[in-house]
Amino acid sequence: MKCMYCGHIDSKVIDSRQSDDGTAIRRRRECNNCGKRFTTYETVETTPILVVKSNGNRQTFDPNKLKNGIIKSCEKRPVPMWKIDKMVEDIQKKIYSTLEQEVSSKQLGEMVMEGLKEIDEVAYVRFASVYRQFKDISTFMKELEKLQKTNGGK
């Protein structure tokens with residue numbers, strides 16, 4: 001690893017440990033030339049996932065955009081941030097585990113709706129109303145009835 005101070009390319013690893021979330025390895029290094037110490041991080045290289053929109057356009061999957069959409073649905077609801085983070089993480093894992101390089105926006109929307117249904121019914125209905133683009137009150141009511149049936153009329 002190249003020293004950030006003197007540019008020498010030989011250094012030794014003094015300490016290695018996992019990051020708090022387990023997604024990276026933190027390495028403390030010492031330059032064999034100048035003796036200064038610096039930190040490097042080793043992470044898994046991921047291939048970018050593309051989201052295929054309904055009009056055929058493609059854009060890079062952005063977990064932050066996904067998270068912001070979920071947060072909007074959960075506004076003024078008693079949903080803790082850790083549940084939203086966990087949901088985004090679970091969706092990311094699901095997407096990457098398919099080993100596909102593309103995911104449709106429809107699949108992504110269904111995953112969000114599935115997660116929101118478990119977390120908060122009101123957030124689920126909010127998201128569904130935008131995602132499914134309810135044309136009138138009857139389609140909205142059908143979705144509510146479907147939700148009531150799956151939850152046993154809670």
Using side-chain heavy atoms (C-beta onward) and a distance below 4.5 Å, is [X] in contact with [Y]?
| X | Y | result |
| --- | --- | --- |
| Asp15 | Arg17 | yes |
| Ile49 | Tyr96 | yes |
| Val112 | Phe127 | yes |
| Thr60 | Val51 | no |

Ignoring hydrogens, what is the shortest heavy-atom contact between [X] and [Y]? Give both atom names and the distance.
| X | Y | result |
| --- | --- | --- |
| Ser11 | Met1 | OG-O, 3.4 Å |
| Leu116 | Cys74 | CD2-SG, 3.8 Å |
| Glu30 | Gly35 | CG-O, 3.5 Å |
| Pro78 | Asp120 | CD-OD1, 4.2 Å |
| Asn33 | Cys6 | ND2-SG, 3.4 Å |
| Phe38 | Cys31 | CE2-N, 4.3 Å |

Pair Ile71-Met81, side-chain contact (heavy atoms from CB on, under 4.5 Å): steps then yes or no: CA-CA 8 Å; Ile71 289 171; Met81 199 63 199; 3.4 Å; yes
Distance (rounded to the nearest 0.5 Å) between [X] [atom1] and [Y] [atom2]:
| X | Y | atom1 | atom2 | answer |
| --- | --- | --- | --- | --- |
| Lys67 | Gln92 | NZ | CD | 10.0 Å |
| Arg29 | Asp10 | CZ | CG | 10.0 Å |
| Arg37 | Ile14 | CZ | CD1 | 3.5 Å |
| Arg77 | Arg126 | CZ | CZ | 6.5 Å |
| Met4 | Thr39 | CE | OG1 | 9.0 Å |

Residue list, salt bridge (Lys or Arg N to Asp or Glu O under 4.0 Å) with Arg26, at least two apart or on another chain: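 Expected list: none.
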Salt bridge (Lys or Arg N to Asp or Glu O under 4.0 Å) against Arg28, all qualifying residues, sequence neighbours excluded: none
Hey, any chance [X] and [Y] share a hydrophobic cluster, counting ILVMFWY side chains that come within less than 4.5 Å of each other, even indirectly?
| X | Y | result |
| --- | --- | --- |
| Met111 | Ile84 | yes |
| Phe61 | Met113 | yes |
| Met87 | Val122 | no |

Give a yes or no on whether a salt bridge exists between [X] and [Y], defined as a side-chain N under 4.0 angstrom from a carboxylate O.
| X | Y | value |
| --- | --- | --- |
| Asp85 | Lys83 | no |
| Asp90 | Lys94 | no |
| Glu89 | Lys93 | yes |

Within residues 96-107 or reaching into it, pairs that qualify as salt bridge (Lys or Arg N to Asp or Glu O under 4.0 Å) - sequence neighbours excluded: Arg58-Glu102
Flag for Arg27-Ser16: side-chain donor and acceptor within less than 3.5 Å: yes
Val103/Thr98 under side-chain contact (heavy atoms from CB on, under 4.5 Å): CA gap, chis, key distance, verdict: CA-CA 9 Å; Val103 63; Thr98 65; over 6 Å; no
Any donor-acceptor N/O pair, Asn68 side chain to Asn64 backbone, under 3.5 Å: yes
Worked check of side-chain contact (heavy atoms from CB on, under 4.5 Å) between Tyr124 and Glu118: CA-CA 9 Å; Tyr124 166 81; Glu118 299 296 315; over 6 Å; no
Stepwise side-chain contact (heavy atoms from CB on, under 4.5 Å) test for Ile119 and Ile70: CA-CA 11 Å; Ile119 293 174; Ile70 295 168; 6.0 Å; no
